[in-house]
Amino acid sequence: MSVIFTTLFWSTFAVVLACVEIESEGRKGWAENAPTWFRVTPWYARAYGLVMGRKPLTGYHLFMFFMPILLFHAQFVMGLGWSAERELLALAMYFSVCPLWDYHWFVLNPWYQGKFSKEDVWWHARSYWIFSLFPVDYLIGFGLSILLASTAAWVATDAWLIQKHLLTLLGFGIFTVGLHLVAPLYRQWYWRMRRRGSDERKLAGIFGTAIPKEAYEQLRQNGRRY
């Protein structure tokens, strides 16, 4: 697989994930207003925060943590034989795509145009920022990816594996520059789809979403038992 194809595929994947989250979160990042749970005090939430720059654990991020890991390993259940170097390369790509996906969210999100900073992003506020340009989480992710790809090259005694990975990371950077240039088109489309009077929710045939207050209270009480 060529470096160009690899770069375009995973860059596009990161853009799609970013757009999914923009559509579901809008200006309330890190699932702030999503119908999910938040945890910061239990041991598992503190452990998560320790490796994630002290970010809170949510139900949404719990599952989104595993989803891309499963995707990067799908190749092994689709006919490609497992090997140590392939496992290392899969993890290397995972750790490089995650910060790319996160940053693309800021590049495209109309609510955060020009607002990628420690002062404007509460879930990155506790992280150390490199020259006030980006959180150290990104550097750790890319650093881990390079370390894993280097280990894969060493295990396979194939220097091309790390060379290809470094070229792919360079391609990610070039793609991101291009994404900055076309981001205004996405933002225009974002607002056009939300222009006043254009939403057709009332025509979608939605039903059964509301429940009586008494029934809701009973469900909430039952939930406390678990």
Side-chain angles (χ1 to χ4, degrees), residues 9-78 82 86-109 111-112 115-116 118 120-129 134-149 172 209 211 216-226:
F9 179 86
W10 291 118
S11 293
T12 302
F13 175 67
V15 167
V16 170
L17 288 178
C19 288
V20 167
E21 292 196 316
I22 291 170
E23 289 295 322
S24 63
E25 294 175 323
R27 64 188 178 93
K28 297 293 186 178
W30 205 258
E32 181 180 337
N33 276 7
T36 188
W37 46 261
F38 272 67
R39 295 291 187 277
V40 293
T41 57
W43 67 266
Y44 54 85
R46 295 197 302 271
Y48 179 85
L50 185 64
V51 298
M52 292 294 292
R54 294 191 288 175
K55 298 179 182 66
L57 173 64
T58 75
Y60 171 81
H61 289 93
L62 173 65
F63 289 105
M64 284 302 287
F65 178 83
F66 289 105
M67 187 274 286
I69 290 180
L70 290 173
L71 179 69
F72 281 104
H73 286 81
Q75 56 186 326
F76 300 130
V77 295
M78 297 176 68
W82 184 92
R86 286 173 177 166
E87 176 66 28
L88 289 166
L89 290 173
L91 292 174
M93 193 57 66
Y94 168 78
F95 280 108
S96 59
V97 167
C98 282
L100 191 70
W101 156 22
D102 189 81
Y103 183 64
H104 284 176
W105 188 90
F106 292 100
V107 173
L108 295 170
N109 196 325
W111 295 99
Y112 282 84
K115 293 183 178 180
F116 183 59
K118 195 171 185 176
D120 294 308
V121 186
W122 67 263
W123 58 96
H124 278 313
R126 295 182 179 180
S127 297
Y128 178 76
W129 282 58
F134 55 88
V136 71
D137 310 45
Y138 291 5
L139 187 62
I140 293 173
F142 288 125
L144 277 174
S145 77
I146 293 172
L147 177 62
L148 289 164
F172 286 167
T209 57
I211 61 175
Y216 173 79
E217 185 62 27
Q218 184 62 47
L219 288 171
R220 192 171 66 87
Q221 293 294 334
N222 291 340
R224 290 179 178 176
R225 301 174 185 175
Y226 300 96

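From a predicted model like this one, the values you see are computed outputs, not experimental measurements.
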Value for NE2 (His124) from CZ (Arg54), rounded to nearest 0.5 Å, stands at 13.5 Å
Taking atom CZ as the centre, does Phe76 end up with more than 12 heavy-atom neighbours from other residues, nucleotides or ligands that are less than 6.0 angstrom away? yes
- For Tyr138 and Asp102, run side chain to side chain donor-acceptor pair (under 3.5 Å): C-alpha distance rounded to whole Å, both residues' side-chain angles, the deciding distance at 0.1 Å, then the answer. CA-CA 9 Å; Tyr138 291 5; Asp102 189 81; 2.3 Å; yes
### Query
Going by heavy atoms in the side chains, are His61 and Trp123 under 4.5 Å from each other?
no
Output for pair (Phe95 CZ, Ile140 CD1), nearest 0.5 Å, gives 10.5 Å
Applying salt bridge (Lys or Arg N to Asp or Glu O under 4.0 Å) to Asp137 and not counting sequence neighbours gives Lys55
| request: Please report the C-alpha distance between Leu148 and Tyr94 in whole Å, then the side-chain angles of each, then the deciding distance to 0.1 Å, and finally whether the side chain to side chain contact (heavy atoms under 4.5 Å, CB included) criterion is met. | output: CA-CA 10 Å; Leu148 289 164; Tyr94 168 78; over 6 Å; no
Hits for ring-ring contact (aromatic ring centres under 6.0 Å, His included) against Trp129, two or more places apart or cross-chain, chain-then-number order -> Phe116
Under a 4.5 Å cut-off applied to non-hydrogen side-chain atoms, are Val97 and Phe72 in contact?
-> yes
Donor-acceptor pairs under 3.5 angstrom involving side-chain atoms of residues 11-19: please list them, not counting sequence neighbours.
| unit_1 | atom_1 | unit_2 | atom_2 | d |
| --- | --- | --- | --- | --- |
| Ser11 | OG | Thr7 | O | 2.7 |
| Thr12 | OG1 | Leu8 | O | 2.7 |

query = Mind checking whether Leu62 and Trp37 have side chains closer than 4.5 Å, heavy atoms only?
reply = yes
All heavy atoms of Ser127 vs all of Pro135, minimum pair found to be CB-CB, 4.2 Å
Shortest non-hydrogen pair, Ser145 vs Ala92, comes out as CB-O, 3.0 Å
Residues pairing under salt bridge (Lys or Arg N to Asp or Glu O under 4.0 Å) where one sits in residues 27-51, two or more places apart or in two chains, turn out to be Lys28-Glu32
Heavy-atom nearest pair, Asn109 first then Ile22, reads N-CD1, 3.6 Å
The salt bridge (Lys or Arg N to Asp or Glu O under 4.0 Å) partners of Lys115 (sequence neighbours excluded) come to none
In short, Ala31 meets Phe38 closest at the heavy-atom pair O-CE1, 3.3 Å
* Side-chain contact test, heavy atoms from C-beta onward, threshold under 4.5 Å: evaluate it for Leu91 versus His73 and give yes or no. => yes
Glu87 meets the salt bridge (Lys or Arg N to Asp or Glu O under 4.0 Å) criterion, sequence neighbours left out, with none
### Query
Would a line drawn from the ring center of Phe172 to the ring center of Trp10 be shorter than 6.0 Å?
no
- [ ] Look at the side chain of Thr36 and the backbone N and O of Tyr60, then say whether any donor-acceptor pair between them is shorter than 3.5 Å.
- [x] yes
Here the gap from Phe66 atom CZ to Leu71 atom CG, rounded to the nearest 0.5 Å, amounts to 15.0 Å
On a heavy-atom basis, the closest approach of Pro56 and Trp30 is O-NE1, 2.9 Å
More than 12 foreign heavy atoms under 6.0 Å from CE of Met78: is that the case here?
no
